[in-house]
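The structure appears below as structure tokens.
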Amino acid sequence: MLLKKRGHTCLIASTMATLILLMMVLYGTFGTQQPRSSSSFRRDYQLLGRPLYKLDLSWPKNPELFTGDVFAVAVNQYSGVVYVAQRGYNIPKILVFTTYGDYLMSWNTTTLEMPHGIFLADAASSNPTVWITDVGNGPYGHCIKQYTASGKLLQVLGTPGKPGSGVNPLQFDQPADIFVHSSGEIYIVDGDGGMNNRLIKLSKELEVLWMHGEKGHGLAQFYIPHSVTVDNSQRVWVADRGNKRIQVFNSITGDWLGTWGSCFTEDAPYSVRMTPDKKYFVVVQLNTNQISVLDAPPVGLIGQCRVVSVIQLADDVKPHLVDLDLKTGALYVAEIGAQQAQKFTPFSLGMTVL
């Protein structure tokens, strides 16, 4: 009986020793290495932390409302409203949701033919407005239009129904995207495959301040400029789609500052926006179905682009243009192939990034 007890005790001890040895190997405490403190563990997570995103499956609550090809999204972070632009026949061109996914309204305006880009201006004011680029070939196309938050047309930039390259009066040919600065100054990329390949800056009074308008592959030349954004360091970032690069300009003088191309060898950048903390760019690549997060360089430096993280979407989703909620950091993606808009919420390991 005594021998059985001793044998049982030895078996338990041997098993426990094996488990302890296994745990020491797994957690790196075998040999002379000491266990990590909780503070060093948090530092490791901070080093690993990246501005990653996870899909919000609950947004929107009525996805069946998407009935066309979804091309663009814009977010008002103050009122918590998301505008989604879609194309198709006999369907509402603009759908409006809350950031929680509730459906609010649609615009059934006849003044909008084929929306391409969309931007929310004066978001903090009591009268925010929605700017939309229209690449349609009908009587209302080749223009940029400003609407109230409820869809009332306020003004039109360009000559409706008439593509052109003039600046007085101002004309467009398939204008791709628009960015309205808090100062009221406007940046436009004009040329979603039309005759123009231009980056134009307008004053608050809609006067042309400077322009780059030469088609080509050289510095400050464009081939299908597709998206534009402005950072807090007086720099304009343009997704030069046909040339598979992002070009950077001084927002005051229009001087060329640099080019990013090494991140886009497989596919062109289609959309460029910044995260609320201005530390990262979110860039869409339609043909590879990717959304990439890139480091934003410090003031006075352009350098080379560096990808921090990637959202790989399913085949044929075809992400086109994006926008970010500047309050929560949530990312909204317009997807042509999937005919939907999706919401991604930010997260990271052990730290707050956005």
Side-chain angles (χ1 to χ4, degrees), residues 59-60 62-75 81-97 103-120 129-153 156-158 160-163 172-179 188-196 224-228 239 241 268 270-271 273 284-287 289 291 313-323 332-343:
W59 194 95
N62 301 101
E64 70 276 4
L65 293 172
F66 298 129
T67 52
D69 296 333
V70 177
F71 270 75
V73 288
V75 188
V81 175
V82 182
Y83 297 84
V84 180
Q86 61 178 3
R87 296 185 195 174
Y89 295 101
N90 298 318
I91 65 170
K93 297 301 194 303
I94 303 295
L95 301 173
V96 187
F97 301 91
Y103 171 70
L104 295 177
M105 70 176 81
S106 63
W107 297 1
N108 292 301
T109 174
T110 58
T111 61
L112 189 58
E113 293 182 2
M114 295 179 65
H116 187 276
I118 184 170
F119 189 88
L120 201 294
T129 60
V130 182
W131 291 83
I132 302 174
T133 64
D134 192 337
V135 298
N137 290 313
Y140 300 104
H142 300 292
C143 289
I144 300 174
K145 297 156 187 178
Q146 183 187 29
Y147 293 89
T148 66
S150 59
K152 179 182 177 182
L153 182 63
V156 177
L157 304 184
K162 295 182 180 180
F172 303 105
D173 185 5
Q174 300 184 38
D177 196 20
I178 180 172
F179 184 97
I188 299 166
V189 281
D190 176 28
D192 186 39
M195 69 178 77
N196 299 328
I224 312 180
H226 200 260
S227 181
V228 58
R241 180 182 129 192
Y270 274 66
S271 181
R273 287 289 185 264
V284 163
Q285 292 170 278
L286 180 143
N287 294 299
N289 300 289
I291 304 168
L313 302 175
D315 291 343
D316 299 322
V317 168
K318 304 300 181 186
H320 186 246
L321 293 174
V322 303
D323 200 18
Y332 294 84
V333 185
E335 300 169 354
I336 300 175
Q339 295 189 323
Q340 65 184 8
Q342 288 188 303
K343 176 183 179 181

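Because the structure is a prediction, the values reported are computed rather than measured.
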Report yes or no: does D323 contribute a side-chain atom to a donor-acceptor pair with the main-chain N or O of V75 at less than 3.5 Å?
-> yes
Could you tell me whether a side-chain N or O of Y83 sits under 3.5 Å from a main-chain N or O of A149, the two making a donor and an acceptor?
-> yes
Step-by-step side chain to side chain contact (heavy atoms under 4.5 Å, CB included) determination, N287 to K318 | CA-CA 6 Å; N287 294 299; K318 304 300 181 186; 3.9 Å; yes
So, do E335 and Q342 sit near enough that their side-chain heavy atoms are less than 4.5 Å apart?
-> yes
Is there a side-chain contact between F172 and T133, using heavy atoms and a 4.5 Å cut-off?
-> no
Is the backbone N or O of D190 less than 3.5 Å from a side-chain atom of D173, with the two atoms forming a donor-acceptor pair by type?
-> no
Identify the heavy atoms of V189 and S227 that sit nearest to each other, and give their distance.
-> CG2-N, 3.8 Å
Any side-chain heavy-atom pair from V82 and V96 closer than 4.5 angstrom?
-> no
Measure from the side-chain N and O atoms of R87 to the backbone N and O of G68, and report whether any donor-acceptor pair falls under 3.5 Å.
-> no
Closest heavy-atom pair and its distance - N289, V317 = OD1-N, 3.2 Å
Report yes if some heavy atom in the side chain of I291 is under 4.5 Å from a heavy atom in the side chain of V333; otherwise report no.
-> yes
W131 side chain near L157 side chain, heavy-atom distance below 4.5 Å | yes
The reported gap from CD1 in I144 to CD1 in I188 (rounded to nearest 0.5 angstrom) is 3.5 Å
Atom OG1 of T110 and atom OH of Y140: how far apart are they, to the nearest 0.5 Å?
-> 5.0 Å
Hey, does the side chain of S271 reach the backbone of V322 with a donor-acceptor pair shorter than 3.5 angstrom?
-> yes
When every non-hydrogen atom of L112 is compared with those of K145, the smallest separation belongs to CA-NZ, 4.1 Å
Do L321 and R273 touch side chain to side chain, with heavy atoms closer than 4.5 Å?
-> no
Nearest atoms (heavy-atom pairs only) where T148 meets V130 = O-CG2, 4.3 Å
Would you call the rings of F71 and H320 parallel, tilted or perpendicular, where under 30° means parallel and over 60° means perpendicular?
-> perpendicular
Between I132 and I94 the two heavy atoms that sit nearest each other are CD1-CD1, 3.7 Å
Decide yes or no for D192 and R241: does some side-chain heavy atom of the first lie under 4.5 Å from some side-chain heavy atom of the second?
-> yes
Residue pair L286 / P319: nearest heavy atoms and the distance that separates them | CB-O, 3.3 Å
Rounding to 0.5 Å, atoms OG1 (T111) and NZ (K93) come to a distance of 9.5 Å
Please answer whether the main-chain N or O of T67 pairs with a side-chain N or O of Q86 as donor and acceptor at a distance below 3.5 Å.
-> yes
Close side-chain approach of P60 and L65, heavy atoms under 4.5 Å = no
Please work out which of the three classes, parallel, tilted or perpendicular, describes the rings of H226 and Y270, given edges at 30° and 60°.
-> perpendicular
For the side chain of Y103 and the backbone of S106, is there at least one donor-acceptor N/O pair under 3.5 Å apart?
-> yes
Determine the sole option in N137, N196, D134 for which the side-chain hydrogen bond (donor to acceptor under 3.5 Å, both in side chains) test with H142 is passed.
-> N137
